[in-house]
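Comments concern the structure below.
Quick note on labels: first sequence line is chain A, next is B, and so on, each numbered from 1.
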Amino acid sequence: MIRFYNTLSGKVEPFVPLEPGIVKLYTCGPTVYDFSHIGNWRAYVFEDLLKRFLLFSGIKVSHVMNITDVDDKTINGAHAKGISLEEYTRPFIEAFEKDRDTLGILPADHYPRATGHIREMVDIIKLLLEKGFAYRKDGSIYFAIDKFPAYGRLAKIHLEDLRPGSRGDADEYEKENVHDFALWKAPKEGEPVWETEIGPGRPGWHVECSAMSSKYLGRTFDIHCGGVDNIFPHHENEIAQSEAANGVKFVNYWLHCHHLVVDGEKMAKSKGNFYTLRDVLDRGYDPREVRFLLLSTHYRKMLNFTFDALEQARAGRNRIRDFSFDLRDVKRDGPANPEVTQLIETARAGLIAGLEDDLNISESLAALFGLIKSANRLLAQGSASRADAGNLADFVAMIDENILGINPTDVPLRVDPAKMRSTVSDVAIKVESSGDLDLEIQKRIDARQKARAEKNFKMADEIRKELLDSGILLEDTKDGVRWKKVGPART
RNA sequence: GGCGCGGUACCCAAGCGGCUAAGGGAGAGGUCUGCAAAACCUUUAUUCGUCGGUUCGAGUCCGACCCGCGCCUCCA
């Protein structure tokens, strides 16, 4: 039984999809006025975990993520550069897609863009005008929230408790009620304009999600995700628009992930603690280490991003990685040890139990680490055969491919050390290529082995150091030397 | 002011009424090793922000208080 915390009810509830075996999922995507920062990625990684777990549970997922490519920021950005909105947003959309892949996030089925769905938005606005939920004022159209009694239910906000906006409406549009929000904004100097049935102008921010979600997922769908900061007003407004227009419930389950802060403080460019994914990778971290960090704190808990935490994530991921790696060295023949089989089943059950409980990843990881510890013990005392090692490796790989996505078997390293400073996804480990680099490393290892055999430990250590400096760590085992990639030392 | 979140070992982090308080990192000692590394073994919370209360029994429920943080129309 899968259970999720539903913001709407404020409780953990059993999850029951509208249609058995299929989940319709809408997740708030990026506003493409800049590179996504690690806080955005925290949300996307959480959503990826959610989606992967649903898929793993045998449920089909129909996933839609919007791309907001028209709003105040994109308009201002394009205007400042003197280029079109499309020209301005394109590189950020491309960067988003690249970074998403770098982090091992499964792509959604649809990435509808706001600018491509003006017609659908207009349709909703027309409906709202007809039904009396919206009104025109000076060329703009607003949603009248006092016409929608359920307003505030998601955010648990009562209108009378809201502080009147003291800083006023930046756009200087006139509204009947300060809490009303724009569905359609009147044409303005320097802004893109669409000529539509409801008049010229451009869409407000919230309406795109109502329009695009209903187009791709239907008027009522299962899960809507986003960051906690979207609860109010964005998601509250979406509910109002959609339910007022369609007359049916909009979303059954609202899942919101908490913020990521940096060094205990909210990220802000002015504080100098603002990081994009690229900023972090530039420091020499593997994207999957970043993913592991973002993944390993429960989504409803604030995540404090620090480089120390990233180091810890690296170490934790390395433990899984080293375990996978060690399994390759098991040479003993023989039948599978029932004890190992049992350990795997226990771990599987623990992993699933954790995720079923509102994506309690800590419990799941504890189950995985528990398996690693127990299996290592059996391995060390020679009670596990090659068959066991194979089963263990398969299990870890299966869990990683389906759930974690941290790619623990990225070893052996085939990465050009120079590329480790790269800013983009070229950093991603290319596992089965670069035979030349392999050969080069093997030659150095052979040279070191020769030196060791001659008791020339000085030279042996020099070669080891030299390889380490280029990201190759050597380990001497009973069965010979093995090597693996390590991240550059922390700077 | 309204709504909400968090305070568990050196760090991160589960547990949310009942066996000896998961797990990861870091540290210490040991095994292995030419030395490292990895792995294994041992070890690190009579205690869960503080003070009261409920209970046979409380990090776990209730109340008050002290810290830290978020949202209240830019924001994942």
Distance-only donor-acceptor test, [X] side-chain atoms vs [N] base atoms, 3.5 Å:
X      : N     : result
A:D461 : B:G34 : yes
A:D476 : B:C35 : yes
A:Q312 : B:C12 : no
A:R321 : B:G24 : no
A:R464 : B:A36 : yes

**Report entry** Steps toward salt bridge (charged side-chain N to carboxylate O under 4.0 Å, His left out) verdict (A:D476, A:R448)
**Finding:** CA-CA 11 Å; A:D476 298 326; A:R448 174 168 170 273; 2.9 Å; yes

Between [N] ([atom2]) and [X] ([atom1]): distance, integer Å:
X      : N     : atom1 : atom2 : result
A:I231 : B:G4  : CD1   : P     : 12 Å
A:R317 : B:A13 : CZ    : P     : 21 Å
A:K458 : B:G34 : NZ    : C1'   : 16 Å
A:D357 : B:A22 : CG    : P     : 18 Å
A:Q449 : B:G34 : CD    : C1'   : 12 Å
A:R314 : B:A26 : CZ    : P     : 12 Å

Query raised in the report: A:F369 on top of B:G23's base, within under 5.5 Å and under 30°?
Result: no

Partner lookup for [N], please. Criteria are Watson-Crick or G-U wobble with both distances under 3.5 angstrom; report none if nothing qualifies.
N     : answer
B:C5  : B:G68
B:G34 : none
B:C61 : B:G53
B:A21 : none
B:U46 : none

Requested in this report: Classify the ring geometry between A:Y111 and A:F96 as parallel (under 30°), tilted (30 to 60°) or perpendicular (over 60°).
Outcome: perpendicular

Query raised in the report: Would you call the rings of A:F181 and A:F143 parallel, tilted or perpendicular if under 30° counts as parallel and over 60° as perpendicular?
Result: parallel

Using a cut-off of 4.0 Å on non-hydrogen atoms, how would the nucleic acid contact of [X] be classed: base, sugar-phosphate, or nothing?
X      : value
A:A309 : nothing
A:L260 : base
A:A313 : nothing
A:R153 : nothing
A:H234 : nothing
A:L368 : nothing
A:G39  : base
A:D326 : sugar-phosphate

Query - Pair A:K266 + A:D229, salt bridge at N-O below 4.0 Å - result: no

[X], nearest nucleotide to its side chain (from [options]):
X      : options             : result
A:L473 : B:A37, B:G24, B:C3  : B:A37
A:M302 : B:C71, B:A26, B:C69 : B:C69
A:D322 : B:C41, B:G34, B:A39 : B:A39
A:R319 : B:A26, B:A38, B:A39 : B:A39
A:A380 : B:A26, B:G34, B:C40 : B:C40
A:A460 : B:G34, B:C41, B:C11 : B:G34

Under 4.0 Å between a side-chain N or O of [X] and OP1 or OP2 of [N]?
X      : N     : result
A:N304 : B:G68 : no
A:N376 : B:A39 : no
A:K301 : B:A14 : yes
A:K266 : B:C71 : yes

**Report entry** Cation-pi geometry met for A:R348 and A:F395 (6.0 Å, 45°)
**Finding:** no

Query raised in the report: Expressed as a whole number of Å, how far does the P atom of B:G25 sit from that of B:C62?
Result: 35 Å

Query raised in the report: In whole Å, what separates the P atom of B:U73 from that of B:U8?
Result: 31 Å

Query raised in the report: Taking the nucleotide of RNA chain B with the closest heavy atom to each, which residue, A:R452 or A:G370, is nearer the 5' end?
Result: A:G370

Query raised in the report: If each of A:I38 and A:Y5 is mapped to the nucleotide of RNA chain B with the nearest heavy atom, which maps nearer the 5' terminus, i.e. the 5' end?
Result: A:Y5

Query - Centroid-centroid distance, A:Y253 to A:Y5, less than 6.0 Å - result: no

**Report entry** Heavy-atom closest pair, residues A:L103 and A:P287
**Finding:** CD2-O, 3.4 Å

Query raised in the report: Judged by atom type as modelled, is there a donor-acceptor pair below 3.5 Å linking the side chain of A:E238 to the main-chain atoms of A:H206?
Result: no

Query raised in the report: When you check the glycosidic angle of B:G59, does it come out syn, meaning within 90° of 0, or anti?
Result: syn

